[in-house]
Amino acid sequence: MYEHDLLIVGAGLAGLRAGVEGVQKGLRTAVITKVHPVRSHSNAAQGGINAPLTDRGDEWEGHALDTIKGSDYLADQDAVEIMSSEAGDAVLELERMGVIFSRGDDGRLGTRRFGGQKVARTFFVGAITGSAMLHVLYEQALKHGLQVYEEWFVTSLIKEEGAVRGVIALDMKTGELHAIRAKAVLLAAGGAGRVFEPSTNALICTGDGLSLAWRAGAPLMDMEMIQYHPTTLARTGILLSEAARGEGAYLLNSDGERFMEKAAPDYMELASRDVVSRAEQVEINEGRGVDGNVLLDLRHLGRTFIEERLGYLQEVAVEFLGIDLAEQPVPIRPGMHYIMGGIKTNADGETEIPGLYAAGECANVSVHGANRLGANSLLDTIVFGRRAAKKSVEYVKSIGENGSDSEAHLKAEKERLQALLDRPKGARTAEIRNEMATGMTEGIGVFRDQNSMEGALAKVHEMRKKYDASIYVENKGKVFNTDLMFALELDFMLDCAEAVATGALMRKESRGAHFRTDMPDRDDENWLKHTLSYKSEEGVRTETLDVVVTKWEPVKRVY
Ligand SMILES: Cc1cc2nc3c(=O)[nH]c(=O)nc-3n(C[C@H](O)[C@H](O)[C@H](O)COP(=O)(O)OP(=O)(O)OC[C@H]3O[C@@H](n4cnc5c(N)ncnc54)[C@H](O)[C@@H]3O)c2cc1C
């Protein structure tokens with residue numbers, strides 16, 4: 001039997017930052033991850049991490065206001081204040097741990113300007129910021145002796161007497177299921193991008209953490225807030241980082257116009273992501289696109305600059321479309337990128353369930369509200385990863401032994417998975433997943449309305465029925481049974497899809513990324529509120545919750 005004080009599900013930036021904290025505080029801490037830690041999606045983050053540094057003449061209040069405006073006033077302002085005021089320390093701490101941030105000619109840490117922000121306060125490592133951070137945190141984890149269950153897949157949480165007391169997980173290498181007891185479980189299991197098709201997210205971003213918490217009774221909050229990133233590569237959906245526009249790239253329509261002049265005369269290409277994505281979609285819908293895309297033009301930046309500062313983007317454009325960014329504009333379009341919604345937590349990572357904590361993309365603190373600013377997610381993972389770990393350490397120290405009957409949970413879970421494997425024929429994972437994910441993109445896209453959202457929810461219900469009645473796992477083997485893992489991930493994704501569509505139908509206004517063509521205005525009177533959904537025996541139960549406003553009263557949002 002396996003046993004820990006603190007068990008963290010996920011070894012991306014949030015999970016590793018939390019893990020290091022747990023070991024440093026002297027707890028028996030472990031992280032569990034379905035892939036090798038440095039293959040977590042955090043590794044793909046390119047552009048950078050925000051921090052207002054006072055020695056630059058920047059103030060945390062400026063970052064907080066930009067974040068709140070970016071969120072279209074849906075973020076809880078007390079949480080944003082914490083994130084902004086702790087940001088400087090958190091980023092400098094990373095630097096001291098060994099993240100070699102890019103520097104300017106003056107030898108000081110370099111910054112670039114990201115969307116929706118008045119000043120340049122995004123720190124970066126070329127175009128591999130997330131990768132550099134993740135590798136350093138992994139080194140720290142090894143140095144501190146953090147135990148890692150690598151390529152172990154969590155299938156369910158152990159919950160007893162209202163509290164979470166561990167997990168059931170599949171060791172992918174042997175195919176054996178195990179119970180792991182823990183006094184506290186911290187979910188840092190990342191986003192749910194693959195609920196949509198296409199998406200910039202890795203194939204492993206299947207919302208497992210969100211669904212695990214939802215099934216355990218924790219509410220998911222503001223799930224309708226899906227970020228479409230303005231620049232994903234035509235035909236592939238691969239992300240071209242906001243760093244391109246941060247360094248001065250333009251957006252053009254088929255007439256060669258910089259159409260952002262109409263939508264955001266002050267900020268132009270560096271308006272908030274929701275604003276830029278909508279402006280692009282309008283050009284495409286009104287016939288000024290190029291085969292369903294618009295153009296991103298970097299030519300004026302020059303070859304040397306592109307290759308030095310944006311080398312990865314050049315590589316992707318050449319490799320996938322044969323386009324040299326120094327010679328030709330590249331076709332791009334809005335693509336699903338990030339989920340602002342997630343497991344409702346307070347600023348200490350606590351959920352409504354004792355023993356269950358969450359941080360990183362799977363959590364909703366809420367600092368991103370209806371639209372996240374670029375480079376605020378990496379910040380969120382390290383600030384709230386650390387805070388959630390601190391709080392869970394206090395909890396672990398306050399409770400006695402973990403007396404959970406984990407063997408009973410293990411037996412039940414073994415039977416559930418065996419039943420899945422025993423089904424002789426039925427529907428394949430890919431079939432259901434594609435239909436669900438394309439249905440979600442159609443119904444809950446950059447623009448949406450009552451009809452489209454109802455269509456998406458009906459599709460999700462249909463796919464859920466089909467899954468429950470007939471999902472079929474062809475591979476009956478034990479060793480690395482990815483066929484089984486994909487089926488279990490799809491089960492999690494269907495939960496997330498249902499919560500997203502439910503939240504979208506609840507919100508009777510347009511705010512941030514949730515733009516309804518049938519209700520195009522923001523309605524602060526009735527909807528300065530979070531949407532909450534709970535999973536229950538009778539289906540999804542919904543509630544709303546007031547947004548916390550400290551000192552920034554909502555005003556009209558213009559860029
Ligand atoms: C292409 C791309 C570029 C981005 N660029 C930026 C950027 O420049 N700046 C920025 O601020 N943000 C960026 N983001 C967003 C940001 O990278 C993510 O939101 C953030 O890294 C998420 O970190 P995380 O620790 O929450 O989760 P992840 O890094 O996604 O890690 C999740 C972990 O959970 C584990 N896990 C999940 N399910 C299970 C399970 N069932 N059992 C066991 N383990 C499980 C996984 O193995 C993994 O270790 C980008 C995102 C993408 C997709």
Side-chain angles (χ1 to χ4, degrees), residues 7-19 31-51 112 114-115 122-125 127-134 137-138 148-157 167-172 180 186-194 199-212 227 229 231-233 237-243 246 312 316 335-340 342-343 358-363 368 372-382 384-385 388 485 488-489 491-492:
L7 180 66
I8 297 156
V9 181
L13 286 170
L16 290 180
R17 184 63 195 82
V31 295
I32 181 164
T33 166
K34 63 183 175 180
V35 296
H36 184 279
V38 300
R39 296 197 62 208
S40 303
H41 188 61
S42 292
N43 190 49
Q46 304 164 11
I49 176 166
N50 291 329
R112 48 171 61 127
F114 254 49
T122 303
F123 297 89
F124 60 97
V125 183
I128 57 159
T129 312
S131 178
M133 286 169 57
L134 191 63
L137 273 174
Y138 184 50
V148 182
Y149 292 90
E150 198 174 296
E151 296 182 320
W152 282 52
F153 182 88
V154 175
T155 63
S156 64
L157 297 179
V167 307
I168 305 291
L170 189 65
D171 177 355
M172 297 301 296
I180 308 180
L186 197 168
L187 295 171
R194 284 291 149 182
S199 162
T200 64
N201 286 196
L203 293 169
I204 53 173
C205 298
T206 49
D208 308 6
L210 290 103
S211 167
L212 288 167
Q227 178 160 81
H229 193 291
T231 55
T232 69
L233 191 66
I238 298 173
L239 181 80
L240 290 186
S241 170
E242 190 164 308
Y312 178 73
V316 167
M336 192 287 172
H337 180 57
Y338 183 86
I339 177 156
M340 273 76 73
I343 306 159
E361 190 168 340
C362 69
H368 308 304
R372 168 175 76 81
L373 293 186
N376 260 359
S377 174
L378 294 186
L379 179 60
D380 168 3
T381 62
I382 57 163
F384 294 106
M485 186 169 111
L488 295 170
E489 286 177 336
D491 197 2
F492 291 140

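We count ligands from 1, going down the list as the structure has it; atoms in each ligand are counted the same way. All residue numbers in this chain count up from 1 along the given sequence.
Once rounded to the nearest 0.5 Å, the distance linking CG of L170 with CD of E151 reads 11.5 Å. Between I49 atom CD1 and N376 atom CG the span is 9.0 Å, to the nearest 0.5 Å. Rounded to the nearest 0.5 angstrom, L134 CG and T129 OG1 are separated by 12.0 Å. Rounded to the nearest 0.5 angstrom, T232 OG1 and L239 CG are separated by 7.5 Å. For the atom pair CG (L13) and CG (N43), the distance works out to 9.0 Å, reported to the nearest 0.5 Å. In this structure, CZ in R39 is found 7.0 Å from CD1 in I204, a value given to the nearest 0.5 Å.
The distance criterion of under 3.5 Å between nitrogen or oxygen atoms is not met by V9 with respect to ligand 1. Polar contact with ligand 1: absent for F153 (N/O pair, distance under 3.5 Å).
Atom numbering of ligand 1 starts at 1 in the shown order; those under 4.0 Å from a heavy atom of G360 are 26 (O). Atoms of ligand 1 found under 4.0 Å from any heavy atom of D208, numbered from 1 in the order shown, are 38 (N), 39 (C), 40 (C), 41 (N). Close approach of ligand 1 to A188 (heavy-atom distance below 4.0 Å) involves ligand atoms 32 (C), 33 (C), 34 (O). Within ligand 1, the atoms closer than 4.0 Å to a non-hydrogen atom of A375 are 9 (N), 10 (C), 11 (O), numbered from 1 in the order shown. Residue A14 has at least one heavy-atom neighbour below 4.0 Å for each of these atoms of ligand 1: 25 (O). Atoms of ligand 1 found under 4.0 Å from any heavy atom of T200 (numbered from 1 in listed order, with element): 1 (C), 53 (C). Listed by atom number, the atoms of ligand 1 under 4.0 Å from G190 heavy atoms are 26 (O), 27 (O), 30 (O), 32 (C).
By the 4.0 Å heavy-atom criterion, C205 is excluded from the residues contacting ligand 1. Contact analysis puts T381 in contact with ligand 1, with a non-hydrogen atom separation below 4.0 angstrom. In this structure, G130 falls outside the shell of residues with a heavy atom less than 4.0 angstrom from ligand 1. For the pair W152 and ligand 1, a heavy-atom separation below 4.0 Å is found. In this structure, T129 does not count as a contact residue of ligand 1, since none of its heavy atoms falls inside 4.0 Å of the ligand.
In this structure, atom 12 (N) of ligand 1 lies nearest to the protein heavy atom S377 CB, 3.5 Å. At the top of the distance list for atom 35 (C) of ligand 1, counting protein heavy atoms only, stands G10 CA, 3.5 Å. Closest to atom 46 (C) of ligand 1, if we only count protein heavy atoms, is T33 OG1, 3.8 Å. Of all protein heavy atoms, the one lying nearest to atom 23 (O) of ligand 1 is S42 OG, 3.0 Å. The protein heavy atom nearest to atom 37 (C) of ligand 1 is A189 O, 3.3 Å. For atom 10 (C) of ligand 1, the nearest non-hydrogen atom of the protein is L378 CG, 3.3 Å.
Ionic pairing of K34 and E489 is present here: one or more N-O contacts between side-chain nitrogen and carboxylate oxygen are shorter than 4.0 angstrom. Between R372 and D380 there is no salt bridge, since no side-chain N of the basic residue sits under 4.0 Å from a carboxylate O of the acidic one.
Closest heavy-atom approach to atom 49 (O) of ligand 1 within the set S156, G191, A18, S40: this belongs to S40. For atom 19 (O) of ligand 1, the nearest non-hydrogen atom from the set M133, H36, E361, Q227 comes from E361. Of all the listed residues (A45, G48, G47, S241), G48 holds the heavy atom that lies closest to atom 9 (N) of ligand 1. Among H41, Q46, E242, the residue whose heavy atom lies nearest to atom 2 (C) of ligand 1 is H41.
The part of R372 lying near ligand 1 is the side chain, judged by heavy-atom distances below 4.0 Å. Contacts of L212 with ligand 1, taken as heavy-atom pairs under 4.0 Å, are absent altogether. The parts of K34 lying near ligand 1 are both backbone and side chain, judged by heavy-atom distances below 4.0 Å. Contacts with ligand 1 closer than 4.0 Å are made by heavy atoms of both the backbone and the side chain of V154. In I49, neither the side chain nor the backbone holds a heavy atom less than 4.0 Å from any atom of ligand 1. Contact annotation: for P37 versus ligand 1, there are no heavy atoms closer than 4.0 Å. Within the 4.0 Å heavy-atom criterion, both parts of V35, backbone and side chain, lie near ligand 1. Only side-chain heavy atoms of L239 come within less than 4.0 Å of ligand 1; its backbone N, CA, C and O stay farther off. With a heavy-atom cut-off of 4.0 Å, Y338 touches ligand 1 through its side chain alone.
Using a distance-only test at 3.5 Å, with no hydrogens or angles considered, a donor-acceptor pair links the side chain of E242 to the main chain of G115. With hydrogens and angles disregarded, no donor-acceptor distance shorter than 3.5 Å links the side chain of S42 to the backbone of G130.
For the pair L240 and V316, the minimum side-chain heavy-atom distance is below 4.5 Å. Side chains of V148 and P37 form a contact here, defined as non-hydrogen atoms less than 4.5 Å apart.
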Worked verdict on R17 versus T381 for side-chain contact (heavy atoms from CB on, under 4.5 Å): CA-CA 8 Å; R17 184 63 195 82; T381 62; over 6 Å; no

Chi angles and distances behind the side-chain contact (heavy atoms from CB on, under 4.5 Å) call for S241, F114: CA-CA 10 Å; S241 170; F114 254 49; 4.2 Å; yes

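Annotation: Y138 is in aromatic contact with H36 [ring centroid separation under 6.0 Å].
Taking each heavy atom of C362 and L210 in turn, the nearest pair found is O-CG, 3.9 Å. Contact record, A358 with I343: CB-CD1, 3.9 Å, taken as the closest heavy-atom pair. Minimum heavy-atom separation, G385 to A18: O-CB, 3.4 Å. Between T122 and A375, the shortest heavy-atom contact is CG2-CB, 3.6 Å.
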